[in-house]
Amino acid sequence: MSLQSIENVIAIDGPAGSGKSTLARMIATKLGYHYLDSGAFYRALTFAIWEKFQTTGEDESKFPFFTEKLADACLLEKDEVEFGFSVSQIPVHCELSAQGENVMFLGEKDISHEIRDPEITKKIRYIAPRRAFREILNRHIREFARTHKLVMDGRDIGTEVFPKSKFKFFLTASVEVRAKRRYDELVAKGFKADLNHIKEEIVARDESDTTRTVAPLKQASDAILIDTSTLDTETVLNTILSKVSPSGQI
């Protein structure tokens, strides 16, 4: 069986603020599955490539150009010759803590904290849209899924990463509801927030996610659509669990 044919994954896709990450974690807990944060893999690869870039001595402004050329070389399998390292051989991997938390490693080094640095967050946009990098990370994620029952959330889990998954859900909600959720979350953490600004950011993110060339946000043809605008978390959770099966087994 090819890694792309793995079925043992519950895929939850949807736009920013639709509640998918919270629900994915709750579903994993309920079913005894593992929650896998696909975004952490992108953060880890971004961190690793940024470290490689820093050894060049180039100005930070050159990083977008560096990643573009690296991705092109990667597609042609010339990255090791042209850059001195192979992206596919960068030792990024995930391990699960005793509590089931995702712990990201670069070789033997735990980089779980470093990848949350705002500077890394800003640079992800130079890595995530590149087909060459996505294919490498998808192989890592599929390999992980061979030995773990997973619940994953994202924007292309059911369409690109695990297209053969038996259970796919697409969560959505109105822009107003998603903006208010994000606003409340930030305020609760002690940050200042502007609701209108957040709404504008969400609209822009939706446009970017749905129109990008590589792995755009879209509902898989066999995914169950759930509009969470007027539903509380418990209702959505129970809806998804009832679709998976009474015993919660795939």
Side-chain angles (χ1 to χ4, degrees), residues 1-14 16 20-52 67 70-71 74 79 85-165 167-169 214-215 250:
M1 180 180 71
S2 72
L3 289 179
Q4 204 167 7
S5 298
I6 291 173
E7 301 178 346
N8 205 24
V9 172
I10 297 175
I12 303 176
D13 290 308
K20 58 187 184 295
S21 295
T22 298
L23 282 156
R25 292 177 183 276
M26 294 174 73
I27 292 162
T29 299
K30 286 280 187 181
L31 299 182
Y33 279 38
H34 296 292
Y35 169 72
L36 189 66
D37 179 5
S38 61
F41 280 83
Y42 285 92
R43 289 175 175 276
L45 186 61
T46 300
F47 176 82
I49 292 175
W50 172 242
E51 278 201 332
K52 296 286 189 183
T67 57
L70 177 61
C74 191
D79 43 338
F85 67 94
S86 169
V87 178
S88 64
Q89 297 303 311
I90 292 176
V92 166
H93 67 282
C94 177
E95 295 182 12
L96 297 170
S97 71
Q99 293 74 37
E101 291 298 316
N102 295 186
V103 183
M104 296 304 302
F105 285 87
L106 179 58
E108 299 299 315
K109 181 183 179 183
D110 179 352
I111 57 172
S112 302
H113 178 71
E114 287 92 330
I115 65 174
R116 302 294 169 180
D117 188 301
E119 287 303 311
I120 296 301
T121 301
K122 287 195 295 186
K123 293 175 176 62
I124 293 173
R125 67 181 184 273
Y126 303 121
I127 304 300
R130 307 288 181 191
R131 170 66 71 181
F133 301 149
R134 295 188 77 88
E135 288 180 352
I136 288 169
L137 289 177
N138 284 346
R139 285 200 294 273
H140 284 307
I141 291 168
R142 290 170 187 146
E143 196 67 50
F144 194 82
R146 290 180 66 177
T147 53
H148 299 84
K149 289 184 176 182
L150 300 176
V151 180
M152 289 190 64
D153 70 284
R155 287 165 176 75
D156 66 341
I157 306 302
T159 54
E160 294 266 340
V161 188
F162 294 106
K164 299 296 184 183
S165 171
F167 295 99
K168 301 177 187 177
F169 300 90
V214 178
I250 289 182

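Here the structure is a predicted model, which means the values were calculated and not measured.
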- [ ] For a side chain to side chain contact (heavy atoms under 4.5 Å, CB included) with S38, tell me which candidate from L150, N138, L137, I141 qualifies.
- [x] I141

Open item on the list: Show the nearest heavy-atom pair for residues E160 and R142, with the distance to one decimal.
Closed with: O-NH2, 2.9 Å

Task: Smallest separation among heavy atoms of F133 and I127, with atom names - done: CD1-O, 3.4 Å

Task: Donor-acceptor contact present, side-chain K20 to main-chain D153, <3.5 Å - done: no

Open item on the list: Distance check, rounded to the nearest 0.5 Å: I115 atom CD1 versus M104 atom CE?
Closed with: 6.0 Å

- [ ] Could you pull out the closest heavy-atom pair between T67 and I49, with the gap in Å?
- [x] CG2-CG2, 4.3 Å

Task: Distance in Å, I136 CD1 paired with D79 CG, rounded so as to fall on 0.5 Å steps - done: 7.0 Å

TODO: Test E143 against every option in H140, R139, R146 by the side chain to side chain donor-acceptor pair (under 3.5 Å) rule and name the one that passes.
DONE: R146

Open item on the list: Restricting to side chain to side chain donor-acceptor pair (under 3.5 Å), what partner residues turn up for S112, sequence neighbours left out?
Closed with: D110

- [ ] Name all residues meeting the side chain to side chain donor-acceptor pair (under 3.5 Å) criterion together with E119; count only those two or more places apart in sequence or in a different chain, and write none if there are none.
- [x] K122, K123

Task: Intermediate values then yes/no, salt bridge (charged side-chain N to carboxylate O under 4.0 Å, His left out), R134 and D156 - done: CA-CA 11 Å; R134 295 188 77 88; D156 66 341; 2.9 Å; yes

Task: For A28, side-chain contact (heavy atoms from CB on, under 4.5 Å) partners two or more places apart - done: Y33, Y35, V151

Task: Test item: side-chain donor near acceptor, T121 and R116, under 3.5 Å - done: no

